[in-house]
Amino acid sequence: MLHPCHSLNLPNYKTYRNDRTTHRGGGTAILIKSSIPHHILDIKTHNIENTTLNIEGDRNITISSIYRPPRSPAPTLVTDLLKIFRNRPECLIVGDLNANHRTWNQHPTPNSAGTVLTNSLGTVDLQSQPQKNPQ
């Protein structure tokens with residue numbers, strides 16, 4: 001665990017992070033090679049923590065590291081994701097959404113966040129590429 005008082009410095013990389021300071025756990029970060037043109041985006045969401053940046057070039061690509069606490073209300077998940085996607089044609093979302101569904105893993109019981117996200121995949125042109133063996 002990287003505490004807010006600790007820094008993470010790797011040669012030739014820039015670190016962006018949003019630490020949770022109210023209690024243990026949570027927080028997000030992105031490390032990007034210093035030579036890649038980019039800028040950080042400050043996107044306020046209701047219930048997900050995020051660190052988001054835009055890679056500049058021939059194709060502008062937005063990358064967002066996300067953490068959704070397991071007890072946050074499921075209906076706000078898609079609203080929060082849409083804030084990140086807004087006016088950004090190419091987005092890559094990585095992180096822990098705490099959303100379980102049979103569509104992307106072998107979890108026997110979907111949770112409400114997984115159901116909300118699955119129902120929204122087609123309506124907002126989202127594609128799921130989850131990890132193969134979620135814990």
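Atom set for the values below is all heavy atoms of this structure, side chains included, hydrogens, waters and symmetry mates excluded.
- Shown here are the salt bridge (Lys or Arg N to Asp or Glu O under 4.0 Å) partners of Lys33, two or more places apart in sequence or in another chain: there are none.
- Asp96 pairs by the side chain to side chain donor-acceptor pair (under 3.5 Å) definition with nothing, not counting sequence neighbours.
- Proximity of a side-chain donor or acceptor of Glu49 to a complementary backbone N or O of Tyr67 within less than 3.5 Å is not detected.
- Looking only at side-chain heavy atoms (C-beta outward), Leu81 and Ile66 come within less than 4.5 Å of each other.
- Going from atom CG of Asn54 over to atom CG of Leu41 covers 5.5 Å, rounded to the nearest 0.5 Å.
- In this view, Thr28 and Thr51 satisfy the side chain to side chain donor-acceptor pair (under 3.5 Å) rule, not counting sequence neighbours.
- Nearest heavy-atom pair across Leu97 and Leu77 is CD2-CD1, 4.2 Å.
- Atom CD1 of Ile43 sits about 9.0 Å away from atom CD1 of Ile48, to the nearest 0.5 Å.
- Under the 3.5 Å distance criterion, the side-chain polar atoms of Asp80 are matched with a main-chain donor or acceptor of His46.
- Residues Leu117 and Ala99 come closest through the heavy atom pair CD2-CB, 4.3 Å.
- Residues meeting the salt bridge (Lys or Arg N to Asp or Glu O under 4.0 Å) test with Arg71, sequence neighbours left out: none.
- Legend: residues meeting side chain to side chain donor-acceptor pair (under 3.5 Å) with Ser72, ordered by chain and number and at least two apart, are Arg68.
- Legend: residues meeting side chain to side chain donor-acceptor pair (under 3.5 Å) with Thr115, ordered by chain and number and at least two apart, are absent.
- At distances below 3.5 Å, not a single donor-acceptor pair connects side-chain atoms of Asn47 with backbone N or O atoms of Thr76.
- Asn119 is not listed as a side-chain neighbour of Val78, based on a closest heavy-atom distance of 4.5 Å or more.
- A donor-acceptor pair under 3.5 Å is absent between the side-chain atoms of Arg86 and the main chain of Ile84, judged by distance alone.
- Contacts of Ile32 classified as side chain to side chain contact (heavy atoms under 4.5 Å, CB included), with partners at least two apart in sequence or in another chain: Lys14, Tyr16, Ile36, His38, Leu53, Ile55.
- A distance-only check finds no donor-acceptor pair linking the side chain of Asn50 to the backbone of Thr45 [under 3.5 Å].
- Judged as a salt bridge (Lys or Arg N to Asp or Glu O under 4.0 Å), and not counting sequence neighbours, the contacts of Asp42 are Lys44.
- By the salt bridge (Lys or Arg N to Asp or Glu O under 4.0 Å) test, Glu90 pairs with Arg59, sequence neighbours left out.
- The ring-ring contact (aromatic ring centres under 6.0 Å, His included) check on Tyr13 picks up nothing, with sequence neighbours excluded.
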